[in-house]
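Notes follow the structure.
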Amino acid sequence: MSDQDPNCIFCKIVAGQIPSRKVYEDEELYAFHDIHPWAPVHFLLIPKRHIASMAHLAPADEAWMGRLMVLAPKLALEQGCNPYPEGGFRMVCNTGIEGGQEVQHLHWHVMGGPRPWARG
């Protein structure tokens, strides 16, 4: 892939240079289990192309972003989240330093399962 940052840990995961427990993969998206889960179900959903944050999205990203939003609930159920409305899941996408973003590659944490795992 040409749109990669050689210093980005998530780009290295997509390239297979760092192992991950894959949840899902297609041409544009990759999902894998978080190595430090906060919840019984906790995986990350990322674009394969390096995009630093939500602040870097462009109109050309609308199609895959829409697919990601439809894919997330499907994967959450497959990974063990209980169905809506009694069950459900949480999606978190931090943007920028003040938004709490630690890895500068656009990503969503998808978390679910029985509480009390909830954090801020």
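Numbers for residues simply follow the sequence, beginning at 1.
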Distance-only check: which donor-acceptor pairs under 3.5 Å involve side-chain atoms of residues 9-24, not counting sequence neighbours?
unit_1	atom_1	unit_2	atom_2	d
Ser20	OG	Tyr30	OH	2.7
Lys22	NZ	Glu25	OE1	3.0
Tyr24	OH	Asp26	OD2	2.9

(message) Tell me every residue that passes side-chain hydrogen bond (donor to acceptor under 3.5 Å, both in side chains) with Gln79, counting only those two or more places apart in sequence or in another chain.
(response) His33

(request) List in chain and number order the residues that pass side-chain hydrogen bond (donor to acceptor under 3.5 Å, both in side chains) with His42, two or more places apart in sequence or in another chain; answer none if no residue qualifies. (result) Asp34, His109

Minimum side-chain heavy-atom gap [X]-[Y] below 4.5 Å:
X: Leu57; Y: Ile51; value: yes
X: Leu29; Y: Leu71; value: yes
X: Leu68; Y: Trp108; value: yes
X: Leu77; Y: Phe89; value: no

(request) Kindly state each residue pair satisfying ring-ring contact (aromatic ring centres under 6.0 Å, His included) with at least one member in residues 43-82, sequence neighbours excluded. (result) His50-His105

(request) Following the transitive rule for hydrophobic clusters with a side-chain heavy-atom cut-off under 4.5 Å over Ile, Leu, Val, Met, Phe, Trp and Tyr, establish whether Met54 and Met69 coincide in one cluster. (result) yes

Between [X] and [Y], which heavy-atom pair has the shortest distance, and what is it?
X: Ala31; Y: Leu45; answer: CB-CD1, 3.7 Å
X: Pro114; Y: Pro40; answer: O-CG, 3.8 Å
X: Cys81; Y: Gly113; answer: SG-N, 4.3 Å

(request) Write out all pairs satisfying salt bridge (charged side-chain N to carboxylate O under 4.0 Å, His left out) with one or both partners inside residues 70-83, taking only residues at least two apart or from two chains. (result) Lys74-Glu78

(request) Determine the sole option in Arg67, Lys48, Arg49 for which the side-chain hydrogen bond (donor to acceptor under 3.5 Å, both in side chains) test with Glu28 is passed. (result) Arg67

Can you give the donor-acceptor pairs under 3.5 Å from side chains of residues 94-102 to other protein atoms, not counting sequence neighbours?
unit_1	atom_1	unit_2	atom_2	d
Gln101	OE1	Gly96	N	2.8
Gln101	NE2	Ala52	O	2.7
Gln101	NE2	Val103	O	3.0

(message) To the nearest 0.5 Å, what is the distance between CD1 on Ile46 and SG on Cys93?
(response) 12.0 Å

